[in-house]
K.L.:
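Shown below is the structure under consideration.
Just so you know, these numbers use all the heavy atoms, side chains as well, and skip hydrogens, waters and symmetry mates.
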Amino acid sequence: MTTMTNASVREFKMPDVGEGLTEAEILKWYVQPGDTVTDGQVVCEVETAKAAVELPIPYDGVVRALHFPEGTTVDVGTSIIAVEVAGGAAPAAGAPAAETEPASAPQEPQEPKAEGSGRQPVLVGYGVATSATRRRPRKAAPEAPAGQAAVSVQAELNGRTPAPEPVAEPAAARQRPLAKPPVRKLAKDLGIDLATVIPTGPDGIITREDVHAAVSATQTPEPEAQTPAPAPAAPAAAPAPASYDTARETRIPVKGVRKATAAAMVGSAFTAPHVTEFVTVDVTRTMKLVEELKEDKEFSGLRVNPLLLIAKALLVAIRRNPEINASWDEAAQEIVVKHYVNLGIAAATPRGLIVPNIKDAHAKTLPQLAESLGELVSTAREGKTSPSAMQGGTVTITNVGVFGVDTGTPILNPGESAILAVGAIKPQPWVHKGKVKPRQVTTLALSFDHRLVDGELGSKVLADVAAILEQPKRLITWA
């Protein structure tokens, strides 16, 4: 085991990676006790109520202890890993040094210090947690408890180095496969060891396709030898589906993004009185315009789809009816009208529903809006949406039509006064110029907070969006 002279131990604390969040779950450790780490090296992946984040260590040294196993929810400000640093230099940016304890004392997580006691250089900000750290049961094979994994630093400094555990491997033998956090999460969910996956991405990076290929390889049955067909047997009763035979229930822990979404939706549903209005509209001309824009050089390399024009239509409707873009301030008993639009787009991800928003969408041209929408969707799919991208929204669009659904009654994103649901666009018989013809038709649903949006205002906004989608030239005439 590596030994250091004049060594000291630094305790790396769980940072506030979500701008005010109080806890995070440790998804995966990338290091183990005995490994050498360098400044800026990612040591673990954590999930907050908003996003999954990789945490880098802010100094060089040797890992002496991991205070919590994977799957544990840890309060912000609680030490999660101990690193022995050579030279006894003062930690960067006022990071506190660990206090050594007698060798006989059990390793316990340190309580967060009072505000102003010191901060790690890579932290967004520390919040002093008041609740106790909670451990959650893991479905995977149990790992060694944190107390067994920790190495007594005092014993090592006194020359009594414990014998290494037989299962430990040299750090060099455990070279970490290259993969992005969403790919690592996918592999973990599918039970695939990334070390066994053959990478096909640039610079040896493992892609989602590589993980799925590994799953297919493990599920490919071996060819069976040809045997004579047995004599027909009497028909037996059809067995119940396998899912009912093997397990009658599946329990999924409510945590992370899903937990935050559930709390937000309950709070919204039982705080703001929701009203939902519907309109069915002929969007044939809008669909033709979408095809024309795809050929326009101004949109070269950009993703052009109906959502782009629907978003622009909503922005125009808000400009014509600015009171819809507001929020209710309960404490001050005021209605706050926003003179900017941060347009939220509801996105379904493996970790749950998130609503990132396009900042100042009202000020963007149509090509700029297309670029922002494309970046928002791709970032959400990759699981890289930052907490700041999900804050400050003023109005939201949810596109349930991508699932073939005609419409719905969406729940408001907390702090907003309106949300527009877009249904599936499909050919339907429609009276056009006095004749029944097949036309591209969709249904829009607008939910709004009836405390500050009355029926007249809500109806005007929905009618304006429908009128623009029926006659998209109004994007120009109403601009």
K.L.:
To the nearest 0.5 Å, tell me how far Glu23 CD sits from Thr72 OG1.
P.N.:
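Here the interatomic distance stands at 12.0 Å.
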K.L.:
Any side-chain donor-acceptor pair under 3.5 Å between Asn413 and Glu416?
P.N.:
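There is such a pair between these side chains.
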K.L.:
Holding to side-chain hydrogen bond (donor to acceptor under 3.5 Å, both in side chains), I want the full list of residues that pass it with Asp210, two or more places apart in sequence or in another chain.
P.N.:
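By the side-chain hydrogen bond (donor to acceptor under 3.5 Å, both in side chains) rule, Asp210 matches Thr200, Thr207.
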K.L.:
Look up atom CD1 in Ile318 and atom OG1 in Thr394, then write down how far apart they are to the nearest 0.5 Å.
P.N.:
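Rounded to the nearest 0.5 Å, the CD1-OG1 separation comes to 6.0 Å.
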K.L.:
Do Val341 and Val395 have side-chain heavy atoms sitting under 4.5 Å apart?
P.N.:
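Sidechains of Val395 and Val341: in contact.
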K.L.:
Mind checking side chain to side chain contact (heavy atoms under 4.5 Å, CB included) for Val461 and listing every partner two or more places apart, or none if nothing turns up?
P.N.:
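Scan of Val461 (side chain to side chain contact (heavy atoms under 4.5 Å, CB included), adjacent residues dropped) gives Leu314, Ala317, Asn321, Ile324, Leu446, Leu457.
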K.L.:
Quiz question: by atom type and distance under 3.5 Å, do the side chains of Ser8 and Arg10 form a donor-acceptor pair?
P.N.:
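Indeed, the side chains of Ser8 and Arg10 share at least one donor-acceptor pair under 3.5 Å.
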K.L.:
I need the Leu444 CG to Leu420 CG distance, nearest 0.5 Å.
P.N.:
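Output value for this atom pair is 5.5 Å.
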K.L.:
What is the distance from atom OG1 of Thr38 to atom CD1 of Ile57, rounded to the nearest 0.5 Å?
P.N.:
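It is 10.0 Å, given to the nearest 0.5 Å.
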K.L.:
Run the numbers on Val31 and Gln41 for side-chain contact (heavy atoms from CB on, under 4.5 Å), then give the verdict.
P.N.:
CA-CA 10 Å; Val31 296; Gln41 177 180 340; 3.8 Å; yes
K.L.:
Exactly one of Ile358, Leu343, Leu373 should register a side chain to side chain contact (heavy atoms under 4.5 Å, CB included) with Lys364. Which one does?
P.N.:
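Exactly one pass, corresponding to Ile358.
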K.L.:
Below 4.5 Å, heavy atoms only, C-beta onward: do Val46 and Met14 meet side chain to side chain?
P.N.:
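Counting from C-beta outward, Val46 and Met14 do come under 4.5 Å.
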K.L.:
Any non-hydrogen side-chain atom of Leu178 less than 4.5 Å from a side-chain atom of Ile206?
P.N.:
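Side-chain contact under 4.5 Å: no.
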K.L.:
Can you find a heavy atom in the side chain of Val304 that is under 4.5 Å from one in the side chain of Leu309?
P.N.:
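When only atoms from C-beta onward are counted, Leu309 and Val304 do not touch, as no gap falls below 4.5 Å.
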K.L.:
Any side-chain heavy-atom pair from Ile411 and Ser447 closer than 4.5 angstrom?
P.N.:
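Heavy-atom side-chain distance check fails, nothing below 4.5 Å.
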K.L.:
Do the side chains of Pro273 and Arg451 get nearer than 4.5 Å, heavy atoms only?
P.N.:
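In contact.
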K.L.:
Check whether any side-chain heavy atom of Cys44 sits under 4.5 Å from a side-chain heavy atom of Trp29, and report yes or no.
P.N.:
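With C-beta onward as the side chain, the pair touches.
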K.L.:
Quick one, Thr398 and Val422 - any side-chain contact, counting heavy atoms below 4.5 Å?
P.N.:
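No, their side chains stay 4.5 Å or more apart.
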K.L.:
Between atom NZ of Lys312 and atom CD1 of Ile310, what is the distance when rounded to the nearest 0.5 Å?
P.N.:
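The NZ atom of Lys312 sits 14.5 Å away from the CD1 atom of Ile310.
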K.L.:
Let's go through Trp328 and Leu452 carefully: what are the C-alpha distance in whole Å and the side-chain angles of both, what is the deciding distance for side-chain contact (heavy atoms from CB on, under 4.5 Å) to 0.1 Å, and is it a yes or a no?
P.N.:
CA-CA 7 Å; Trp328 180 273; Leu452 63 157; 4.2 Å; yes
K.L.:
Please report the interatomic distance CG(Asn342) to CE(Met390), rounded to the nearest 0.5 Å.
P.N.:
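It comes to 14.0 Å.
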K.L.:
Donor-acceptor check, side chain of Asp35 to backbone of Gln32, threshold 3.5 angstrom: yes or no?
P.N.:
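Here the side-chain-to-backbone pair exists.
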K.L.:
Assess whether atom NZ of Lys28 is packed by more than 12 heavy atoms of other residues, nucleotides or ligands within 6.0 Å.
P.N.:
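Check fails, neighbour count at 12 or below.
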